[in-house]
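Every heavy atom of this structure was used, including side-chain atoms; hydrogens, water molecules and symmetry mates were not.
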Number of protein chains: 2
Amino acid sequence: MNIGQAAKASGVTAKMIRYYETIGLITPADRTESNYRVYGTDDVHTLRFIKRARTLGFSMDETSALLGLWQDKSRASADVKRIATDHITELEHKITELQEMADTLKHLVHCCSGDDRPNCPILTQLAGADT
Amino acid sequence: MNIGQAAKASGVTAKMIRYYETIGLITPADRTESNYRVYGTDDVHTLRFIKRARTLGFSMDETSALLGLWQDKSRASADVKRIATDHITELEHKITELQEMADTLKHLVHCCSGDDRPNCPILTQLAGADT
DNA sequence: CTTGACCTTACCATGATGGGAAGCCTTAGC
DNA sequence: GCTAAGGCTTCCCATCATGGTAAGGTCAAG
């Protein structure tokens, strides 16, 4: 299978497959005589694994760790669970931050008449006034 | 006032003040004979405005637009309000995405025994199995 | 006059991805 | 067998906002 077919089969772009190879996330693919990368079904499974981890927001480092544990048949599930719970903590931290931004803005938007006059509490707040 | 003092007074690093100047977000500062940038209280107010907008998650483009409206005394508050509501929509979209990731992971973590045995539903899910 | 703290510009790095160019290879149609 | 289209290769650049560092000029206090 060529890189394009592996990309279609896995949902990872050819560009990213090459990138994953250069950073050592996946082992370098075998090559044909004409230097084309060759992939098998196992490789596609690995790429799908990576794709799912990324979709769940795991960083490349976390994904790499998860991949290693996946391939280590004698792993302890506690190690996997720790990575996942740490990631949940990160996600919830980000959610809280974004939620605070949104709440502040919603309050300001609620106070803004939004007409053709210049008076605007949103700008007043950004300017740092007490009002 | 030198750039370092302006940085302290505004909460924006000297590095970022220079960057904002190069991308045209702020007008180039006057210089002393020895080529040092000089800032006044108005400049510090502008930098604080930018800092607050960034803290609320506005992009540089949005911040630039807000800055322009702030400085335009004949603005319509509707223009400000539109930028803010659009940004709230973006924020809520991101929150939803992150929340979905966290929810999925929480479910998986709940199902994982997290001991020294290898069996792990988190990896099983990432591998794409039906279970 | 020296020392240390500050300023200047210029370049590199981040993280994960996309885009494009230049050149080689393969496959399908004629 | 020839040609055109499309796929593959590597290499370089861009994103977005920020931080770091290095080499060199400037200023103020002792």
* What string of B, S and - do you get for nucleotides 19-30 of chain D, 5' to 3', if B is base contact, S is sugar-phosphate-only contact and - is no contact with any protein heavy atom under 4.0 Å? -> BBB---BBS---
* With a 4.0 angstrom cut-off to heavy atoms of chain A, pull out the first and last contacting nucleotide of DNA chain C, in 5'-to-3' order. =>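 Terminal contacting nucleotides, 5' to 3': C/dA16 to C/dT26.
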If I take atom [atom1] in residue [X] and atom [atom2] in nucleotide [N], what distance separates them, rounded to the nearest angstrom?
X     : N      : atom1 : atom2 : result
A/M1  : D/dG7  : CE    : P     : 16 Å
B/L56 : D/dA17 : CG    : P     : 15 Å
A/Y39 : D/dT9  : OH    : C1'   : 12 Å
B/I50 : D/dC16 : CD1   : P     : 17 Å
B/R18 : D/dT18 : CZ    : C1'   : 13 Å
A/Y19 : D/dT10 : OH    : C1'   : 17 Å
A/Q5  : D/dC8  : CD    : P     : 7 Å
B/F58 : D/dA17 : CZ    : P     : 13 Å

Heavy-atom pair of closest approach, residues [X] and [Y]:
X      : Y      : answer
B/A127 : A/F49  : N-CD1, 3.7 Å
A/Q125 : B/R52  : O-CD, 3.7 Å
B/R31  : B/V38  : C-CG2, 4.2 Å
B/C112 : B/C120 : SG-SG, 3.9 Å

* Asked: Does the side chain of B/R54 get closer than 4.0 angstrom to OP1 or OP2 of D/dT18 through an N or O atom?
  ->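 Answer is yes, contact under 4.0 Å.
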* When you check the phosphate oxygens OP1 and OP2 of D/dT10, does a side-chain N or O of A/R31 lie under 4.0 Å from one of them? ->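 Yes, such a contact exists.
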Any donor-acceptor N/O pair, [X] side chain to [Y] backbone, under 3.5 Å:
X     : Y     : answer
B/R75 : B/L69 : yes
A/D86 : A/I83 : no
B/S10 : B/R48 : no

* **Test: B/K106 and A/E92 ion pair at under 4.0 Å** =>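 The answer is yes: the pair qualifies as a salt bridge.
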* **Student check: side-chain heavy atoms of A/K94 and B/K94 closer than 4.5 Å** =>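 A/K94 vs B/K94: side chains apart.
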